[in-house]
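So that the names make sense, note that chain A is the first sequence line, chain B the second, and so on, each numbered from 1.
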Number of protein chains: 2
Amino acid sequence: MVSIKDVAKAAGVSDKTVSRVVNREPNVSTDTVEKVRSAIDRLGYIPNLAARSIRSSRSGIVGIITDYVSTTPYSGDIVRGIQAWAEAQGRTVLLASTNGDPHREREVWRTFQAHRLDGVLHVAMYRRVVEPENGDIHIPTVLVNARPKRAGSFHSIEPDDFGGSRALARHLLELGHRRIGYIRLNPLLLGANERYEAFRETLQEAGLGQADLDVRLGMEGPIGEEENFVFRETTAMLSAPDRPSAVACGNDEMALQAYLAALQLGLRVPQDVTIVGFDDFRTISLALKPELTTVALPYFDLGWQGAEILDGVIAGPAESGRNRSLECRLVPRASSGPPHQA
Amino acid sequence: MVSIKDVAKAAGVSDKTVSRVVNREPNVSTDTVEKVRSAIDRLGYIPNLAARSIRSSRSGIVGIITDYVSTTPYSGDIVRGIQAWAEAQGRTVLLASTNGDPHREREVWRTFQAHRLDGVLHVAMYRRVVEPENGDIHIPTVLVNARPKRAGSFHSIEPDDFGGSRALARHLLELGHRRIGYIRLNPLLLGANERYEAFRETLQEAGLGQADLDVRLGMEGPIGEEENFVFRETTAMLSAPDRPSAVACGNDEMALQAYLAALQLGLRVPQDVTIVGFDDFRTISLALKPELTTVALPYFDLGWQGAEILDGVIAGPAESGRNRSLECRLVPRASSGPPHQA
DNA sequence: TTGTAGGCGTTATCAG
DNA sequence: CTGATAACGCCTACAA
């Protein structure tokens, strides 16, 4: 491996001078710079960052800790967002995952510490409350798609499921729907309740009563091995004589199953029944015909902005943790329309 | 930051002795080990890997280079497979992506070199032929889900699309189908042609003629912004008077659209028409009702085994690159059945 | 503008 | 079994 000394020898200068050129320090004659540059190119010298980080005790690396394999494969976008940011900054990203095992997580923190990471993004693949198992290891940390157990103990960034769900409900109201079905997500998911509550609340404010909202549980059980009732429940819901004119689903996967149930009953989307989802999981939302009206989860931006926040924490004094909320925008497509006039 | 010297002082031994204990070298008295261990715990000492890698010129880090954002979000499983292997080995994973930009890729290789990575896994998110842009940087490298442009220039590991597609065709033949539709993937994808060729060939060997196979192009155009004809073509195919009794789709997303087309025509799956996919993209294949018969792409294992191969390359002498092929298994579910007896 | 001495945290070598 | 010493590649401090 060619080192700074080799370059120095080849260029006929001291190693410190090479160092100066590499780090663009001032006070080096144009001549010398030229000589050194050419030697660097000729020898293919690349500075050893490990050696550099020993001196500066700054590695230029940020770590990502993820927990479970995603329920929504799309949540990998969070990681992409972080990466994109890191690349734009000339930083590097170290990746580790815990599989939800606290013991494993402590190991990861040790590894991160051993690499002297500048900061850590603690990413939850589904939105939830977390308590990082970092023992007594203090590395600037930001929680992404999660909030800390003890408010203020960490900076964090989350999607605004609540607002997104309100927008969705308003959309259906504006189209004229007055009898609406709702298929709930697994109650274990933090987003599940917010989405449902926002939806219910918005309809209530518009004057709809209990009886106008037909709520069914779509999934239940431990994450990753839940039972799935969506098809059965939607079929039941749409077979009833007073069936709703619109069905809102907790996410896009559920909406897919609602489509199948509706079609199997001979109902057309959206002429006979409006179906909407949540997440804008595009593999599904764009593959469905007609394409699915849904709410976009800003996964990429959660990652990117989370990284920005982390950068601030690394640089500045870490005041008490703040929580940032990211808008979830309504994405109106062809699966929603006015109710069928029976 | 507490260093090895602090521990040495606290334990009343030399720093080398601490080093011995940390690295589990032999020839240290139980007594000393005990003393050192306790000092380490007391002080919370964690070895500085950067310093270690300076001496040993081995970082213990492997890099992952990915190209495009996946067409199939499931292909993130390749990365998970690598990670799982790395974690089992006590190695760490550095992540970078190129977005398909050769300039960017050269930068990534420089960064990897700067970190003195032990090896690199060059991962393609859709299967294709690649030519790593590593300039004159020589780090042991294995291509995953891809093959090298110049055969033998790199080790590589790929899924056996061909074999998987044969298995799928045989499955349909065994069920008794004799008139079959096929929706082709974007021809730009390497897997597209293999899947189609294997399928056609297998049917031909079974005595089916040109007229028994109705082939349609499902997608076309640059990756990520292709035009999608699946719904339209499947609808046309299944509306014909001599419609096929089974439709094979290039992947599961296409199968989803084929379902919608069939249902909209009032056809039941599988009683009226069998539909099968490819990839076993479970977010779709398990959400479809009935669940989708498909072929599983061994993404996770591509990652894991790719990492194993890399480990061999790092350790041993790098003989000329070999290509390993991973089986794609048929996953029979409820969407395939015998043809309807008209 | 340039070079020298020394040290960052670790391990290899070799002597004790 | 243990420790002194040097070295890894780089940078800080200071001197020339």
Side-chain angles (χ1 to χ4, degrees), chain A residues 1-40 43-61 92 110-118 137, chain B residues 1-37 39-40 43-61 90 92 110-118 137:
Chain A
M1 204 62 261
V2 28
S3 85
I4 202 170
K5 283 191 186 149
D6 301 317
V7 177
K9 206 175 298 172
V13 298
S14 76
D15 49 356
K16 175 62 217 186
T17 299
V18 177
S19 169
R20 275 193 258 264
V21 173
V22 169
N23 296 300
R24 303 193 198 309
E25 285 174 37
N27 297 333
V28 186
S29 76
T30 333
D31 235 36
T32 316
V33 171
E34 204 43 57
K35 265 195 307 191
V36 172
R37 282 266 158 73
S38 107
I40 287 178
L43 299 179
Y45 167 69
I46 297 179
N48 184 331
L49 294 180
R52 183 177 291 174
S53 90
I54 271 189
R55 300 259 28 185
S56 56
S57 67
R58 271 212 163 201
S59 59
I61 305 178
T92 319
R110 270 186 63 87
T111 307
F112 281 5
Q113 175 77 293
H115 283 287
R116 303 296 189 264
L117 296 202
D118 294 343
I137 293 173
Chain B
M1 205 64 261
V2 28
S3 85
I4 202 169
K5 282 187 188 155
D6 301 316
V7 177
K9 206 174 299 171
V13 298
S14 77
D15 46 358
K16 176 62 214 185
T17 298
V18 177
S19 171
R20 274 192 260 264
V21 172
V22 169
N23 297 299
R24 304 193 198 308
E25 286 174 36
N27 297 333
V28 186
S29 76
T30 333
D31 234 36
T32 314
V33 171
E34 204 40 59
K35 265 194 308 191
V36 173
R37 281 265 158 76
I40 287 178
L43 300 178
Y45 166 69
I46 297 180
N48 184 330
L49 293 180
R52 180 178 292 173
S53 91
I54 273 187
R55 292 268 12 180
S56 55
S57 65
R58 272 212 162 200
S59 60
I61 305 178
T92 319
R110 270 188 63 85
T111 307
F112 281 5
Q113 175 77 294
H115 282 289
R116 303 297 189 264
L117 296 203
D118 294 342
I137 293 173

Which residue lies more 5' along DNA chain D, comparing B/Arg116 with B/Asp15 via nearest heavy atoms |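 The residue closer to the strand's 5' end, by nearest nucleotide, is B/Asp15.
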To the nearest angstrom, how far is [X] atom [atom1] from [N] atom [atom2]?
| X | N | atom1 | atom2 | result |
| --- | --- | --- | --- | --- |
| A/Ile4 | C/dT4 | CD1 | C1' | 14 Å |
| B/Glu25 | C/dC14 | CD | C1' | 14 Å |
| B/Arg24 | C/dT11 | CZ | P | 13 Å |
| A/Ile54 | C/dT10 | CD1 | P | 8 Å |
| A/Lys5 | C/dG3 | NZ | C1' | 14 Å |
| A/Arg20 | D/dC14 | CZ | C1' | 11 Å |
| B/Lys35 | D/dG3 | NZ | P | 8 Å |
| A/Arg58 | D/dC11 | CZ | P | 15 Å |

Respond yes when some side-chain nitrogen or oxygen of [X] is under 4.0 Å from OP1 or OP2 of [N], and no when none is.
| X | N | answer |
| --- | --- | --- |
| A/Asn23 | D/dC11 | yes |
| A/Asn48 | D/dG9 | no |
| B/Ser19 | C/dT11 | yes |
| B/Thr32 | D/dT2 | yes |
| A/Ser29 | C/dT1 | no |
| B/Ser14 | D/dA4 | no |
| A/Arg52 | D/dC10 | no |

Side chain of [X] only, please: which of [options] is the nearest?
| X | options | value |
| --- | --- | --- |
| B/Val28 | D/dT2, C/dG9, C/dG3 | D/dT2 |
| A/Ala51 | C/dT10, D/dC8, D/dC10 | D/dC10 |
| A/Lys16 | C/dA12, D/dT2, D/dC11 | D/dC11 |

Donor-acceptor pair between A/His115 and A/Ser59 side chains, under 3.5 angstrom =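 Side-chain D/A pair, A/His115 to A/Ser59: absent.
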How many angstroms lie between atom [atom1] of [X] and atom [atom2] of [Y], to the nearest 0.5 angstrom?
| X | Y | atom1 | atom2 | result |
| --- | --- | --- | --- | --- |
| B/Ile46 | A/Arg110 | CD1 | CZ | 4.5 Å |
| B/Ser29 | B/Glu34 | OG | CD | 10.0 Å |
| A/Lys9 | A/Lys5 | NZ | NZ | 8.5 Å |

Side-chain (A/Asn48) to main-chain (A/Ala50) donor-acceptor, under 3.5 angstrom =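 Present.
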Any N/O donor-acceptor pair, A/Arg55 side-chain to C/dG9 base, under 3.5 Å =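 Side chain to base: no pair below 3.5 Å.
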Classify the nucleic acid contact of B/Ser56 as base, sugar-phosphate or nothing, counting any heavy atom under 4.0 Å across all strands shown.
->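 B/Ser56: no heavy atom of the nucleic acid under 4.0 Å.
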Under 4.0 angstrom, heavy atoms only, what part of the nucleic acid is A/Val22 near: base, sugar-phosphate, or nothing?
->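 Answer is nothing: A/Val22 stays at 4.0 Å or more from every strand.
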Decide yes or no on side chain to side chain contact (heavy atoms under 4.5 Å, CB included) for B/Val22 and B/Arg52, but give the supporting numbers first.
-> CA-CA 12 Å; B/Val22 169; B/Arg52 180 178 292 173; 3.9 Å; yes
